[in-house]
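Reviewing the structure listed below.
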Amino acid sequence: MPKQSDVLSADFLVKIAEEFGTPVYVYHAEKIKTQYEKLQKAFSKTDARFFYACKALTNINVLRYINSLGCGLDTVSIQEVQLGLKAGFDPKNIIFTPNCVDLQEIIAAKDLGVMINIDNISILEQFGNKFGGSYPICIRLNPHIMAGGNFKISTGHIDSKFGISIHQMRHIERIVKSTRLKVTGLHMHTGSEIKDVDVFLRGVEILFEMAEHFPDLESIDLGSGFKVAYQQGDPETDIELLGKKLSDAFNNFNKHYKRPLQLWFEPGKFLVSQCGYFVVKTNVIKTTTATVFVGVNSGFNHLIRPMFYDAFHLIRNISNPKGTERIYTVVGNICETDTFGWDRKLNEVREGDYLVFYNAGAYGFEMSSNFNSRLKPAEVMIKDGKPRLIRKRDTLDDLLKNQIDVE
Ligand SMILES: Cc1ncc(COP(=O)(O)O)c(C=O)c1O
């Protein structure tokens, strides 16, 4: 939950809902800047660079804004690369970190001039055979660290599909040597929502050890996983402490390596989670024998995190903020169990009231779908105090757009 001074007010959000309709995602651009500056400050004692992991939110206006801050871009699909280029990112500031894609997709990214991060032996060998040292690459390693808020977002453990195991170092070395690959970066990303600063330190120590096998390195990339608070008292990654401890360790390592390296990160959630608000309208209050349900005009097709990850999003009634507090279970309109929050204390909710979900910027709209043939919501960006529509709500035509009528 962002600090109160950072938060868009209930009145303001109600105005947006009335102007643009609901459900609507609202992004507060300046909050992204604040978060970016926090990272820069925390790592100001070392040579650090940040690449926004745009899988969290790819609206082109958000990408353009993040580019204007001087931040790089981390992408996982060729389409994200293309969106990044359209948004104006220099290819030199884009990292491509895909997983389980074929060589063609890697070559397509190479042809666009972006940095390539390879995460399996098969592609490493194929890429080396084809391009040798002519196109430098980065290697994603799996350090075998169990980290992250839950199993679905843990990516650095022994059973994870991500990265090349550190125990396959001899195999990597053989391929690099025989194909003359030029490896300029080592990467790891152990998971999302990592509270414990020491997990990053353990990870970086492993990469320092691995770095000795690669004479051409220019950067070490620690991915991301910075946890933000989703409610009052929720633990967060202590960015200042992390910055201090990692910078010390990194600066120390840099004294011994062949040349000074840069330290890279790929924050997604940290940059855009708190900038986002998801505003919905109450369709119906349904009292059953056990529960008072608030049924809203949205569902897990628009915000899947609660159902998919058991994630908590703080919900508030913004159109009756002084109403008596009551206990409600907030559900969506999807024809499946579709619960946003159980037993939430909300100011009395009446049919027609607007509710807001906080921290909805990351993995909100981006993971939305048209399940139940529902329309995807609109997106609005607030910059310099001005709300602007940055995505129209879907229409029925959008549902039919790619369908082919053969009758
Ligand atoms: C390789 C990589 N980098 C960065 C991120 C961003 O993580 P977060 O949103 O936790 O900052 C992810 C998330 O899945 C990732 O897989």
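Both counts, for ligands and for their atoms, begin at 1 and track the order of listing. What's counted below: heavy atoms across the whole structure, side chains too, no hydrogens, waters or symmetry copies.
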Do Lys401 and Asp397 sit within salt-bridge range, that is, some charged N less than 4.0 Å from a carboxylate O?
-> no

Taken to the nearest 0.5 Å, the spacing of Glu379 CD from Ser368 OG works out to 7.5 Å

Any atoms of ligand 1 less than 4.0 Å from a non-hydrogen atom of Ala53? List them with their elements.
-> 4 (C), 5 (C), 6 (C)

Considering only NZ, NE, NH1 and NH2 on the basic side and carboxylate oxygens on the acidic side, decide whether Lys227 and Asp234 come within less than 4.0 Å.
-> yes

Any N/O of Arg140 closer than 3.5 Å to an N/O of ligand 1?
-> no

Under the side chain to side chain contact (heavy atoms under 4.5 Å, CB included) rule, collect the residues that match up with Asp353, sequence neighbours excluded.
-> Thr282, Asn317, Ser319, Asn320, Val349, Arg350

Have a look at His313 and tell me which of Tyr358, Tyr230, Phe340 forms a ring-ring contact (aromatic ring centres under 6.0 Å, His included) with it.
-> Tyr230

Which atoms of ligand 1 sit under 4.0 Å from any heavy atom of Lys269?
-> 8 (P), 9 (O), 11 (O)

Say whether Lys227 and ligand 1 are in contact under the criterion: heavy-atom distance to a ligand atom below 4.0 Å.
-> no

Close approach, Tyr363 and ligand 1, non-hydrogen under 4.0 angstrom | yes

Tested for side-chain contact (heavy atoms from CB on, under 4.5 Å) against Tyr277, the lone hit among Ile382, Val24, Val7 is Val7

Output yes when the distance from some N or O of ligand 1 to some N or O of Gly268 is under 3.5 Å, and no in every other case.
-> yes

Distance only, no hydrogens: is a donor on one side chain within 3.5 Å (strictly under) of an acceptor on the other, for Glu218 and Gln262?
-> no

Counting from 1 in the order shown, the ligand 1 atoms closer than 4.0 Å to a non-hydrogen atom of Glu266 are 1 (C), 2 (C), 3 (N), 4 (C), 5 (C), 6 (C)

Taking Phe250 as the fixed residue, which of Leu222, Leu207, Asp47, Leu263 is the one that meets the side-chain contact (heavy atoms from CB on, under 4.5 Å) rule?
-> Leu263

Per-atom contacts, ligand 1 versus Gly225 - under 4.0 Å to a heavy atom | 10 (O), 11 (O)

Atoms of ligand 1 close to Ser224 [distance to a heavy atom under 4.0 angstrom, numbered from 1] | 4 (C), 6 (C), 7 (O), 8 (P), 11 (O)

Counting each atom of ligand 1 from 1 as listed, which ones have a heavy atom of Asp74 under 4.0 Å away?
-> 3 (N), 4 (C)

Taking N or O atoms only and a 3.5 Å limit, does His187 qualify as a polar contact for ligand 1?
-> no

